[in-house]
J.: 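Provided herewith is a single structure, encoded as structure tokens, for subsequent inquiry.
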2 protein chains.
Amino acid sequence: MAGDTRARILESATDLFGIRGVDAVSLDTIAADVGVAKQTLLYWFESKDDLVQAVLVQTAGQLAVVIEAAIRASSDDPLDRIEAVVRAVFRPAVRRPSLLGLIGQVSRLAPEVAERFHDELRPLVHRAVVYLRVEMDRGRVRAGDPRLIAALCYATVTGVATEPEALRGVGWLPNTAELRRLRTELLAFLRAALTPAS
Amino acid sequence: MAGDTRARILESATDLFGIRGVDAVSLDTIAADVGVAKQTLLYWFESKDDLVQAVLVQTAGQLAVVIEAAIRASSDDPLDRIEAVVRAVFRPAVRRPSLLGLIGQVSRLAPEVAERFHDELRPLVHRAVVYLRVEMDRGRVRAGDPRLIAALCYATVTGVATEPEALRGVGWLPNTAELRRLRTELLAFLRAALTPAS
DNA sequence: ACATCTCTCTACCATATGGTAGAGAGATGT
DNA sequence: ACATCTCTCTACCATATGGTAGAGAGATGT
């Protein structure tokens, strides 16, 4: 209880920002959710932008940890490894839509905030690109521009993970069982797209 | 000039909402952009929500027209036809990011507004699903749940098309030539994912 | 005992924003 | 000539919101 106020603010803000949108959530709303006064938020974070940035940096950090763990635990085969990473990213994203829901908003946030987030993501992306290039050279992943292939995988996974509501809206995803089937289909889809041409 | 005020408002609002975000753009901003007083906006649209809804409905309508045209002009082969549709959707999305930029915001808008947009999109989705099912039965598209495959294609294309800024942020897309290469890679990616297993 | 640091509170404010009230200019129908 | 309709304007307001001012309670170091 004592000393964890900052962490509780971050957690609450992550969920609220991710689900309702950064602009739609006021400091008062977050404060009420955490159970403190608004000024307490402004003691811990200089401004709302500062809070948004902290949320994004933390989220990126958690994503990185999850991905690292998935990579270490996976087999050497690149398609299996990619599947493991996608599963790892998809799991928290489905349980807690806010995590990836934030990502869809980044490009519309204050430039410095967005930049700070991208700083955090860049090393991850760089590693993925290098990895893809190596495996393409080995012929274990379908040839192509590794940067663009990485971008496509990223777009597909975040597209699916960040917009469950949008997909629900047009009648695609009535429940979580359906969501699991979507994940399965996504993995087959990516595998087919990445398997080297015989 | 006379009588086109409503259309000019819609066009300006589409761009501003799509690029900066619905919440970040005030009625005053739009009015200044169009060159009229704010009240003029409120003469043509009951409220900001009403304007947002009109923008979304128009956007969905334009997408539908573009897609219909692409389908009619394409060959009978399903992979070619899908490629034609993706090209058709991608083109205006790249030239005018606002068009698809809006889509990423739908799930966070007022429920009635989002619902109205989904109403517009549903028939398109339904057609796509029916089409995929038929071609899967014929063995001309890789087997799978047609609804989920449609969802994946949708997620991939919108993911790529709506987040050029995000992709740019992590160092992927410095210019339009790169964007064209991304489109080419996207088409190969989708083709590989949808080609029936031999 | 005192000073300092950590943390949270109440009270308040300036500004932005969606929306209202109501007038009026010009075109069109009868 | 008059009424009505279309369209746009100025002036104004209520509210939400990010942020400031400044106090004070409790813990910790010397």
Side-chain angles (χ1 to χ4, degrees), chain A residues 1-58 102 105-106 108-114 116-117, chain B residues 1-58 102 105-106 108-114 116-117:
Chain A
M1 209 59 165
D4 64 347
T5 304
R6 197 188 131 97
R8 278 158 59 217
I9 292 171
L10 274 177
E11 190 181 332
S12 172
T14 302
D15 284 335
L16 291 169
F17 284 158
I19 293 166
R20 296 196 215 162
V22 169
D23 284 333
V25 173
S26 70
L27 293 182
D28 276 319
T29 302
I30 301 170
D33 190 54
V34 178
V36 297
K38 179 173 61 173
Q39 175 53 23
T40 304
L41 269 62
L42 290 166
Y43 170 79
W44 287 104
F45 305 93
E46 274 186 11
S47 63
K48 188 180 181 182
D49 268 2
D50 190 47
L51 172 57
V52 172
Q53 185 172 297
V55 163
L56 282 174
V57 168
Q58 181 183 262
L102 276 165
Q105 300 177 63
V106 170
R108 275 183 291 273
L109 299 178
E112 325 84 56
V113 176
R116 184 71 189 72
F117 176 72
Chain B
M1 210 56 164
D4 64 347
T5 304
R6 196 187 132 99
R8 279 159 57 218
I9 293 171
L10 275 177
E11 190 180 332
S12 171
T14 301
D15 285 336
L16 291 168
F17 285 157
I19 292 166
R20 296 195 214 163
V22 169
D23 283 334
V25 174
S26 69
L27 293 182
D28 276 320
T29 302
I30 300 170
D33 190 55
V34 179
V36 297
K38 178 172 63 173
Q39 176 52 24
T40 304
L41 268 62
L42 290 166
Y43 169 81
W44 287 105
F45 305 93
E46 274 187 10
S47 63
K48 188 179 181 182
D49 268 2
D50 190 47
L51 172 58
V52 172
Q53 184 172 299
V55 163
L56 283 173
V57 168
Q58 181 183 263
L102 277 165
Q105 302 177 62
V106 170
R108 275 183 291 273
L109 299 178
E112 324 84 55
V113 177
R116 184 70 189 74
F117 176 71

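Lettering of chains follows the sequences in order, A, B, ..., and the numbering in each one begins at 1.
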J.: Can you tell me if Lys48(A) uses its side chain to pair, donor with acceptor, with the backbone of Val22(A) under 3.5 Å?
T.: yes
J.: Please report the C-alpha distance between Trp44(A) and Thr40(A) in whole Å, then the side-chain angles of each, then the deciding distance to 0.1 Å, and finally whether the side chain to side chain contact (heavy atoms under 4.5 Å, CB included) criterion is met.
T.: CA-CA 6 Å; Trp44(A) 287 104; Thr40(A) 304; 4.0 Å; yes
J.: So Gln39(B) and Leu42(B), side chain to side chain contact (heavy atoms under 4.5 Å, CB included) or not? Walk me through it.
T.: CA-CA 5 Å; Gln39(B) 176 52 24; Leu42(B) 290 166; 3.7 Å; yes
J.: Which whole-number value in Å describes the distance from Leu41(A) CG to dG18(D) C1'?
T.: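 Interatomic distance, CG of Leu41(A) to C1' of dG18(D): 11 Å.
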J.: Rounded to the nearest angstrom, tell me the gap between atom CZ in Phe45(A) and atom P in dT6(C).
T.: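 For the pair Phe45(A) CZ and dT6(C) P, the rounded distance is 16 Å.
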J.: With a cut-off of less than 4.0 Å, is there a side-chain N or O of Thr5(B) near OP1 or OP2 of dT8(D)?
T.: yes
J.: Rounded to the nearest 0.5 Å, how far apart are CG of Leu102(A) and CZ of Phe117(A)?
T.: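 Answer for the CG-CZ pair, Leu102(A) versus Phe117(A), is 8.0 Å.
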J.: Expressed in angstrom and rounded to an integer, what is the separation of Asp23(A) atom CG from dA16(C) atom P?
T.: 16 Å
J.: Can you name the closest pair of heavy atoms from Leu41(A) and Leu27(A) and give their distance?
T.: CD2-O, 3.6 Å
J.: Where each residue is assigned the nucleotide of DNA chain D containing its nearest heavy atom, which of Glu46(A) and Ala24(A) is assigned the position nearer the 5′ end?
T.: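 Of the two residues, Ala24(A) wins.
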J.: Looking only at atom types and distance, does a side-chain atom of Thr14(B) sit under 3.5 Å from a main-chain N or O of Leu10(B), one as donor and one as acceptor?
T.: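 Yes: the side chain of Thr14(B) pairs with the backbone of Leu10(B).
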J.: Within residues 25-40 of chain B, find the residues that approach DNA chain C with a heavy atom at under 4.0 Å, and present them sorted by residue number.
T.: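 Only Val25(B), Ser26(B), Leu27(B), Lys38(B), Gln39(B) qualify.
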J.: Would you check if the side chain of Arg20(A) reaches a backbone N or O of Val25(A) as a donor-acceptor pair within less than 3.5 Å?
T.: no
J.: For the pair Gln105(B) (side chain) and Phe17(B) (backbone), establish whether a donor and an acceptor sit closer than 3.5 Å, ignoring hydrogens and angles.
T.: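 It does hold such a pair.
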J.: Using whole Å, report how far NZ of Lys48(A) lies from C1' of dT17(D).
T.: 8 Å
J.: Find the distance Leu42(B):CG to dT17(C):C1' and express it as a whole number of Å.
T.: 11 Å
J.: Between atom OH in Tyr43(B) and atom P in dG18(C), what is the gap in whole Å?
T.: 21 Å
J.: Does dT8(D) have OP1 or OP2 sitting under 4.0 Å from an N or O in the side chain of Trp44(B)?
T.: yes
J.: Without decimals, in angstroms, what is the distance between Arg6(B) CZ and dT6(D) P?
T.: 14 Å
J.: Measure the CG-CG distance between Asp33(A) and Asp28(A) for me, rounded to the nearest 0.5 Å.
T.: 12.5 Å
J.: Write out the stems for DNA chain C, ordered by first number and formatted as range with range, counting runs of at least 3 consecutive Watson-Crick or G-U wobble pairs under 3.5 Å.
T.: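 Only these stems qualify: C:1-30 with D:1-30.
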